[in-house]
Amino acid sequence: MAREIAKAYEPQLIESKWAEFWASGDLFHADPSAPGPAFCIVIPPPNVTGSLHIGHMLDHTEIDILTRWHRMRGYNTLYLPGTDHAGISTQRVVVRQLADQGINYRDLGREEFVKRVWKWKEESGGTIQRQMRQIGESCDWSREKFTLSPELSRVVREVFVRLYEENLIYRANRMMNWCPVCLTVLSDLEVLHEERAGNLWHVKYPVVGSDKFIIVATTRPETMFGDTAVAVNPEDERYKDLIGKKVKLPLTDREIPVIADSYVDKEFGTGALKITPAHDPNDFEVGKRHDLPVIDVMTDDGHMNSNAGTYAGLDRFAARKKAVAELQEQGLLEKIVDHTHAVGLCERSKTVVEPRISTQWFCAMKTLAEPALAAVERGEIQMIPENRRQEYLFWMRNIRDWTLSRQLWWGHRIPAWYCEENGHVTVAREDPSACATCGSKELKQDPDVLDTWFSSGLWPFSTLGWPEKTADFERYYPTSVLITGYDILFFWVARMAMLGIHFTGKVPFRAVYLHSLVRTGSGEKMSKSKGTGLDPVALNLQYGTDAMRFCLASMAAPGTDIVLSEDRLLGARAFVNKIWNAARFLFVNLEKYEQTGASLEQLAAPGVRAKAPHGVAGKIPLADAWLFARLAETIEAANKALETYYFHEAAQQIYQFFWGDFCDWYIEWVKPELQSANAGRAEVAWKNLFAAFDAALRLLHPVMPFLTEELWHQLPQKQGAKSIALDAYPVATENWKNAAALKEFSFLQDVIKTLREIRSQMKLDPKKKVKAEFSSADAGLRASLIANLDAVLRLGILSELNISADRLEQSSAAVRSTAQFDLRIPYSDVVDVGGESVRIKKEIEGLSKAIQSKEKQLSNETFRNRAPEKIIKDMESSLGEQRIELQKLTNRLSQLGS
RNA sequence: GGGCGCUUAGCUCAGCGGUUAGAGCGUUCGGUUUACACCCGAAAGGUCGAAGGUUCAAAUCCUUCAGUGCCCACCA
């Protein structure tokens with residue numbers, strides 16, 4: 001059987017084949033009636049507008065690793081894909097596109113605009129799904145969902161109506177955050193705060209009927225047109241006699257009262273505060289208390305309106321400049337003080353938000369929050385890492401009502417109708433045809449849509465068919481774990497917890513793993529708009545998806561953000577290539593083996609591995625026993641790591657095993673045996689090599705699906721099998737575990753490494769085989785060395801090795817000593833006495849320090865009483881060894897000197 | 001104004017109570033060993049941000065401080 005295998009791994013040649021294979025078949029189709037414990041992850045639905053960015057890549061890598069890992073371990077697995085309509089983001093994208101064509105979306109009208117967005121979605125909205133297929137995510141595409149589909153829209157409506165019926169949704173007139181660019185209100189969460197250097201303008205307000213002034217400090221002089229009072233603290237002696245008097249409002253001819261309110265901080269500014277109820281949340285409250293008029297001086301897009309007199313039509317920031325200039329001219333500007341304060345910015349447009357009074361729909365959160373808080377407190381939802389749990393709890397305890405309505409057109413329209421006759425509000429599952437109170441047919445639907453996070457909040461159960469008791473819902477809900485970035489803990493995770501528990505009576509997920517954010521070198525969150533984002537699709541092409549996945553996984557330690565670097569990607573790619581070449585070695589040499597007449601069938605049955613001590617004639621060779629023991633250790637470590645979301649630890653363990661143990665030691669060790677004239681030995685070697693490689697591929701598969709799928713299909717024992725993704729995850733069986741083999745092999749490695757070190761230090765020709773001498777009082781070590789002499793001679797590049805129990809003569813040769821043995825390469829003329837004694841002195845120094853600290857500890861009574869026995873025993877035996885070593889080094893040093 | 005992280009080898013980061021602190025990259029030295037130069041072998045390099053404390057034992061726990069980053073917060 002001829003095999004063509006390229007010298008270097010070329011992902012482009014491999015990936016598309018398997019990506020298509022995985023996405024097109026029913027390989028990852030979940031069957032609720034199939035056996036196995038359920039494992040379900042719903043995707044954090046990416047925006048339809050989006051293309052895959054590095055954050056998704058991390059999300060999806062972690063999700064897919066866990067999914068594949070569970071699938072291979074026999075779970076009934078569902079990874080459910082889908083997208084979010086992303087109200088405000090998507091609307092912005094299309095609005096901007098229209099603007100580029102010279103079209104104002106408002107002129108288009110609602111219906112036409114929404115039609116355009118749908119059209120846009122059909123044409124350009126599938127990018128992420130395409131990319132997800134391309135990178136081989138093992139999701140069930142037959143269950144793909146979209147938050148604004150008719151199916152999920154029905155669920156949204158059901159939930160809204162129920163909450164309304166439960167009096168948890170209400171309408172109210174409040175001071176809101178308004179974005180003058182997006183033209184909608186925003187929830188508190190959608191407002192970012194940024195410290196900005198600004199000014200505090202001290203403005204003189206003339207007191208009516210006097211030549212005195214009251215000086216008011218403000219950061220927003222342009223809102224003066226909306227002032228309806230000046231407030232002072234009632235306890236403030238400076239202003240006591242002015243309370244109740246009137247002041248003339250500069251830039252206008254209005255007179256406004258001076259009022260007393262304890263809200264005013266005497267210490268801040270001048271202690272006098274202008275009250276602008278229409279443009280500041282605190283002023284709004286003060287205004288309510290004092291029954292002040294509310295004068296809105298701005299338009300919805302942040303310009304001054306007719307209440308601002310000659311300022312009408314000016315942009316709010318231009319108006320500020322003009323007001324300051326005018327006040328200065330009129331001598332009413334007392335002074336300008338530098339003042340840094342936090343301004344609120346729209347999360348999407350980064351515009352300074354404007355406080356604005358309006359009537360909106362709200363969701364009362366206390367009732368919803370309590371059980372969701374309790375679920376996390378009681379651990380029904382496990383939250384990882386722990387510090388995020390604290391954040392969640394704190395936020396939940398201080399939760400405020402959620403503004404649901406948005407003045408947008410793209411989204412779930414609020415199912416509320418107002419009667420034109422009597423204003424009665426109808427909220428219903430089906431569109432009403434008449435007012436329930438007066439029968440009027442003149443009903444007008446609320447123009448607003450719901451916050452996009454409202455439908456996302458239903459995602460874990462809406463996607464599984466709720467409110468119907470579908471097979472999916474029964475089988476896969478609650479979902480197993482939610483994996484997402486911590487930046488949407490409040491936006492999304494908290495709301496899913498609340499709505500999930502409220503409507504289904506069960507938590508929506510048993511665990512939440514909040515992963516790191518991928519940042520740029522300077523610590524910022526990567527962002528495409530800032531040009532600091534890395535395009536994962538391009539990087540996947542360049543380095544391979546498997547390398548990217550491995551790289552991200554290996555950096556994804558819980559709780560810390562990660563900075564993706566070229567170096568790490570290169571390292572990951574090298575690892576992929578290393579495995580590829582290991583396979584190449586196997587396959588290329590397999591042909592030679594086959595040429596000797598052995599059949600594939602022989603290899604197809606992996607070596608039957610009787611539990612037997614190694615080294616016994618006819619049983620398993622030491623290196624094989626060691627390899628499988630290491631494999632078992634690695635499997636256990638990987639499983640443990642993945643159970644706790646230590647992706648980096650799993651990646652590290654597998655890397656170490658595959659590269660360090662399998663390639664560097666095992667393959668090198670067994671090379672001659674594979675070619676052995678002894679057919680029996682060769683067969684055992686081949687079988688074990690393939691059995692181990694097969695297990696190692698399966699071990700690696702969740703992290704590197706493409707490479708492992710490709711190579712797995714080429715394994716002789718997998719001919720005709722369907723996919724490694726459906727194969728079993730390797731199990732660390734009892735007969736693989738072998739502490740004795742680990743220990744013995746480790747001794748042989750020490751010998752070989754020591755020989756290499758001596759050679760390297762002596763600058764011996766790497767190809768020159770030399771004689772060496774080994775001495776140890778331990779008969780077991782000597783026997784082991786004799787049993788494995790071929791490999792030791794070959795890997796140590798020796799012509800012969802004398803093994804004895806006698807002490808070696810120390811002088812005039814390169815010698816290395818451990819507590820157990822001495823090794824010597826007798827080439828007196830090449831020993832650099834000076835360098836050697838420097839090296840030895842340094843070693844003695846380190847060793848002495850270690851010995852002293854141990855001696856001190858061991859002679860400490862309290863330590864002996866309190867430390868665990870094992871610690872003491874280990875320390876004692878280690879101290880013993882170090883003393884022997886020190887003794888040997890000291891002897892050697894003195895001999896060198898003489 | 002509150003809260004949460006981070007500071008470990010030249011770089012990027014693991015380790016988070018128990019033998020002389022690890023990895024990858026980089027550096028130095030040596031290698032064209034027919035699986036792999038995206039490689040192989042060897043080495044150098046750290047008083048674990050600072051100061052106190054707890055403990056038999058501290059990079060690891062506590063306190064303070066210094067840098068640095070993030071989140072939350074309606075004082076003009």
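The sequence lines fix the lettering, A, B, ..., with proteins before strands; numbering per chain opens at 1.
Rounded to a whole Å, the CD atom of A:Gln749 is 11 Å from the P atom of B:G41. If you measure from atom CG of A:Leu570 to atom P of B:U12, you get 17 Å, rounded to the nearest angstrom. If you measure from atom CD of A:Glu195 to atom C1' of B:G1, you get 10 Å, rounded to the nearest angstrom. Between A:Trp580 atom CH2 and B:A35 atom C1' there is a gap of 12 Å when expressed in whole angstrom units. Between the P atom of B:G3 and the OH atom of A:Tyr486 lies a distance of 19 Å, rounded to the nearest Å. A:Glu668 places its CD atom 8 Å from the C1' atom of B:C40, with the value rounded to the nearest Å. In this entry the distance linking CG of A:Leu586 with P of B:C36 reads 14 Å, nearest Å. Here the C1' atom of nucleotide B:U34 and the CG atom of A:Asn581 are 12 Å apart, to the nearest Å.
Distance check on atom C1': B:G26 versus B:A44 gives 13 Å, rounded to whole Å. Taking the C1' atoms as reference points, B:C70 lies 24 Å from B:C62, given to the whole Å. The gap from the P atom of B:G17 to that of B:G30 amounts to 44 Å, rounded to the nearest Å. A distance of about 15 Å separates the P atoms of B:A23 and B:C40, rounded to the whole Å. Separation of the C1' atoms belonging to B:A14 and B:C6 is 14 Å when rounded to the nearest angstrom. Going from the P atom of B:U19 to that of B:A58 covers 12 Å, rounded to whole Å. Between the C1' atoms of B:C75 and B:G1, the separation comes to 10 Å (whole Å). Rounded to the nearest Å, the gap between the P atom of B:A57 and that of B:C25 is 39 Å.
The neighbour count for A:Glu386 CD, taken as heavy atoms of other residues, nucleotides or ligands under 6.0 Å away, is above 12. In the displayed structure, A:Gln12 atom CD is contacted under 6.0 Å by more than 12 heavy atoms of other residues, nucleotides or ligands.
A salt bridge does not link A:Arg816 with A:Glu843: every distance from a Lys NZ or Arg NE/NH1/NH2 to an Asp or Glu carboxylate oxygen is 4.0 Å or more. With respect to A:Glu194 and A:Arg196, a salt bridge is recorded, a charged nitrogen being found less than 4.0 Å from a carboxylate O.
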Listed pairs, N/O of protein and of nucleotides 4-6 of chain B, under 3.5 Å:
| residue | atom | partner | partner atom | Å |
| --- | --- | --- | --- | --- |
| B:C4 | O2' | A:Asn387 | ND2 | 3.4 |

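Residue-level contact check: A:Asn398 touches neither bases nor backbone, having no heavy atom under 4.0 Å from any strand. Across all strands, A:Lys842 comes closer than 4.0 Å only to sugar-phosphate atoms, never to a base (heavy-atom distances). Contact annotation for A:Lys870: no contact, since no heavy-atom pair falls under 4.0 Å across all strands.
In the set B:U12, B:C38, B:A73, B:U12 carries the atom at the smallest distance from any side-chain atom of A:Met555. Checking B:A73, B:C36, B:C72 against every side-chain atom of A:Phe490, the shortest atom distance belongs to B:C72.
When the nearest nucleotides of RNA chain B are assigned to A:Leu189 and A:Lys274 by heavy-atom distance, the more 5′-ward of the two goes with A:Leu189. For the pair A:Arg400 and A:Pro766, both in contact range of RNA chain B, the more 5′-proximal nearest nucleotide belongs to A:Pro766.
Between the side chains of A:Gln761 and A:Glu757, no donor N or O sits under 3.5 Å from an acceptor N or O. Counted by atom type alone, A:Gln652 and A:Gln656 present zero donor-acceptor pairs between their side chains at under 3.5 Å.
By the salt bridge (charged side-chain N to carboxylate O under 4.0 Å, His left out) test, A:Arg388 pairs with A:Glu391, sequence neighbours left out. Every residue meeting the side chain to side chain donor-acceptor pair (under 3.5 Å) condition with A:Lys671, not counting sequence neighbours, appears here in chain and number order: A:Glu668.
Here the rule is side-chain contact (heavy atoms from CB on, under 4.5 Å) with A:Pro277, and of A:Ile357, A:Val286, A:Thr228, A:Asp227 only A:Thr228 fits it. With A:Phe575 as the partner, the ring-ring contact (aromatic ring centres under 6.0 Å, His included) test is satisfied by one option alone out of A:Tyr543, A:Phe657, A:Tyr655: A:Tyr655.
A:Glu285 is not listed as a side-chain neighbour of A:Tyr263, based on a closest heavy-atom distance of 4.5 Å or more. Residues A:Val232 and A:Ile214 are in side-chain contact: their nearest non-hydrogen atoms beyond the backbone lie under 4.5 Å apart. At a threshold of 4.5 Å between non-hydrogen side-chain atoms, the residues A:Ile562 and A:Leu552 count as touching.
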How does RNA chain B look in dot-bracket form if you count Watson-Crick and G-U pairs under 3.5 Å, write [ ] for pairs that cross, and put | where a base pairs with another strand?
-> ((((((((.[[[[.)..(...]]]].(((((.......))))).....[[[[[..)....]]]]])))))))....
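Checked against the 6.0 Å centroid threshold, A:Phe225 and A:His279 do not count as a close aromatic pair.
One distance of note links CZ of A:Arg864 with CD of A:Gln857; it measures 10.5 Å at 0.5 Å rounding.
Near RNA chain B, meaning a heavy atom under 4.0 Å away, the residues from residues 263-271 of chain A are A:Tyr263, A:Val264, A:Asp265, A:Phe268, A:Gly271.
Side-chain atoms of A:Lys7 and base atoms of B:C36 include no donor and acceptor less than 3.5 Å apart.
The phosphate of B:A35 (OP1 or OP2) has a side-chain N or O of A:Lys671 nearer than 4.0 angstrom.
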Could you encode protein contacts along nucleotides 15-29 of chain B as a string, one character per nucleotide from 5' to 3', using B for base contact, S for sugar-phosphate-only contact and - for no contact, with a heavy-atom cut-off of under 4.0 Å?
-> S--BBB--SSS----
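With hydrogens and angles disregarded, a donor-acceptor distance shorter than 3.5 Å links the side chain of A:Trp686 to the backbone of A:Leu674.
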